[in-house]
Number of protein chains: 2
Amino acid sequence: MATMHRMQTTGLELFYSNGYYNTSVDDILKKLSLSKGAFYYHFESKEDFFIQIIQNLLARKIYSVLIEPIEGHDDPLKQILDCFDDALETAVHNEMDFGCVLNNFLTEFRGKDEKIMKHLCDIFSIWEVNLVSTLQKGKFNGFVDRHVDCEAAATFLISSYFGVRTLMVGVAPSARKYRFMSQLRMYLKSLEPKTVAV
Amino acid sequence: MATMHRMQTTGLELFYSNGYYNTSVDDILKKLSLSKGAFYYHFESKEDFFIQIIQNLLARKIYSVLIEPIEGHDDPLKQILDCFDDALETAVHNEMDFGCVLNNFLTEFRGKDEKIMKHLCDIFSIWEVNLVSTLQKGKFNGFVDRHVDCEAAATFLISSYFGVRTLMVGVAPSARKYRFMSQLRMYLKSLEPKTVAV
DNA sequence: AGGAAAACCGACCAAGTGGTCGGTTTAGGC
DNA sequence: GCCTAAACCGACCACTTGGTCGGTTTTCCT
């Protein structure tokens, strides 16, 4: 059981940094000093292996970093700002950053492996739905202007997050983060309820 | 010379839809009914081949779609909005859309091939610099509020564009485009000069 | 027509790929 | 101690990869 978990952890590490197709099963086994036999005893194929990683590790990661910090609080706009800020700050301090895991895998598997794509889209969908409903609740509670199109806002927020994570890899991540956050703050402000004109 | 050009064109096609590492030289040659000999007569390696594609095709494409339509006009905010709208509309109608070419390659080569990364970053940089200077000119001409941080705005715009292109692939591209554009319009509005209070 | 250079062919190579399988080690219940 | 089954080993397989090279065809200039 411990072996299985170790395989998944280093599997995700390598898949994340080298890509799925560019990481061989042997690469993972070499890093763990294990043999082919051990791998195919626990998993029936490389694809199956990756799907289990998605469900066991990726899904939890996305939830704990991008969903859980936002849902269930009163002011969604402030929560979103803080959540993005934390996530980007973590990325800045991670010298082995390769962008948003979900974004990278979505890009890599597009049109190649439908089965894997389905699982990735499921995770993405959970994030999106949560964001939309959090915004709608914020509207109900008076933290978001009632004219705001919550689905549109969620799409825009996710887009910008995916994009900035890609931009931040490598060149001046800290500066890019700072610039991004300043504009995000402006955008979020435009979602706040308009004070009634005198 | 015609052969060389055909190779680059279909090379870009396949690299774009399948990824660089997941596309073999043989794949490209099979589609063109050419042989290994022809390939290695014109190019010294797969890497060299791709670099030439970047310089000959990718650079021009990015310029004609994302740079040229924006620069040189008066109101940069309107130009950006129209430019993004056109680019996204093209993507919506392209049933073989796999996201923004530049974004995908930047993601794929990160940490793998420094030489190629350099060339990709160069193209990216040109786009970024152009966007910043266009915004600054807009500021000078009174189309952009003088308090706007142009570099931050450019980062934010590029981020959101990269991200939405990824989101639009596959699931409901048209709806996603519409939602994105509505929020982009809002954001760009917040960059307009504030009318002086009465 | 002739000849040389440019363009192209395709068999071949070493290195890797995902996956198989017969066999060995290890752990736990009796 | 014994036996079974889970866990693991590593040689092996068919196949693909990027790249080479000796040779053939095309093209074009004189």
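To find a chain, count down the sequence lines: A is the first, B the second, and so on, and within it residues start at 1. Heavy-atom basis, side chains included; hydrogens, waters and symmetry copies ignored.
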Show me the protein contacts with nucleotides 9-14 of chain C, counting only N or O atoms at under 3.5 Å.
| unit_1 | atom_1 | unit_2 | atom_2 | d |
| --- | --- | --- | --- | --- |
| C/dC9 | OP2 | B/S35 | N | 3.0 |
| C/dC9 | OP2 | B/S35 | OG | 3.1 |
| C/dC9 | O5' | B/S35 | OG | 3.4 |
| C/dG10 | O6 | B/G37 | N | 2.9 |

Among residues two or more places apart or on two chains, list those pairs meeting salt bridge (Lys or Arg N to Asp or Glu O under 4.0 Å) that have a residue in [range].
| range | result |
| --- | --- |
| residues 125-135 of chain A | A/E128-B/R176 |
| residues 55-80 of chain B | B/K78-B/D82 |
| residues 142-167 of chain B | A/R179-B/E151, B/D97-B/R165 |

Quickly work out the [X] [atom1] to [N] [atom2] distance and round it to whole Å.
| X | N | atom1 | atom2 | answer |
| --- | --- | --- | --- | --- |
| B/F43 | C/dA7 | CZ | P | 12 Å |
| A/F39 | C/dG18 | CZ | P | 9 Å |
| A/K46 | C/dT20 | NZ | P | 15 Å |
| A/K30 | C/dA15 | NZ | C1' | 12 Å |
| B/H42 | D/dG19 | NE2 | P | 16 Å |
| A/H5 | D/dA7 | NE2 | P | 16 Å |
| B/M4 | C/dA6 | CE | P | 14 Å |

Please answer whether the main-chain N or O of B/S24 pairs with a side-chain N or O of B/K46 as donor and acceptor at a distance below 3.5 Å.
->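 Looks like no, no N/O pair under 3.5 Å.
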
Is the NZ or CZ atom of B/K118 both under 6.0 Å from the centre of the six-membered ring of B/F109 and within 45° of that ring's axis?
->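 Verdict for B/F109: no cation-pi partner in B/K118.
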
Can a cation-pi geometry be assigned to A/K177 and A/F84, taking NZ or CZ under 6.0 Å from the six-membered ring centre and within 45° of the ring axis?
->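 Geometry flag: not set, cation outside 6.0 Å or 45°.
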
For the side chain of B/Y40, counting heavy atoms from C-beta on, which of D/dC8, C/dA7, D/dG18 is nearest?
->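 Between D/dC8, C/dA7, D/dG18, the one nearest the side chain of B/Y40 would be D/dG18.
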
For DNA chain D, find the residues of residues 12-28 of chain B with a heavy-atom distance under 4.0 Å and give them by number; none if there aren't any.
->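 Only B/T23, B/S24, B/V25 qualify.
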
Compare every heavy atom of B/I70 with every heavy atom of B/L66, then report the nearest pair and how far apart it is.
->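 For B/L66 versus B/I70, the nearest heavy atoms are O-CD1, 3.5 Å.
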
Nearest heavy atoms of B/S45 and B/Y40, plus distance in Å |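 Closest approach of B/S45 to B/Y40, heavy atoms only: CA-CE2, 4.0 Å.
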
When the nearest nucleotide of DNA chain C is assigned to A/E47 and to B/M7 on a heavy-atom basis, which residue is associated with the more 5' position?
->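 On the 5' side of the pair lies B/M7.
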
D/dC8 OP1/OP2 closer than 4.0 Å to side-chain N/O of A/T3 |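 Affirmative; the distance criterion is met.
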
Phosphate OP1/OP2 of D/dA7: any A/Y41 side-chain N/O under 4.0 Å |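 Looking at the OP1 and OP2 atoms of D/dA7, one of them is under 4.0 Å from a side-chain N or O of A/Y41.
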
Angle of first-five versus last-five pair axes in the helix from C/dA1-D/dT30 to C/dC30-D/dG1, to 10 degrees =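 One end's axis against the other's: 10°.
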
Enter the distance from A/R6:CZ to A/I28:CD1 here, rounded to the nearest 0.5 Å.
->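 Interatomic distance, A/R6 CZ to A/I28 CD1, rounded to 0.5 Å: 12.5 Å.
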
Aromatic plane relationship, B/F50 with B/F15 - under 30° parallel, 30 to 60° tilted, over 60° perpendicular |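 Perpendicular.
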
Of A/N104, A/T166, A/N18, which is the lone residue that meets side chain to side chain contact (heavy atoms under 4.5 Å, CB included) with B/R110?
->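 Looking at A/N104, A/T166, A/N18, the match for B/R110 under the side chain to side chain contact (heavy atoms under 4.5 Å, CB included) is A/T166.
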
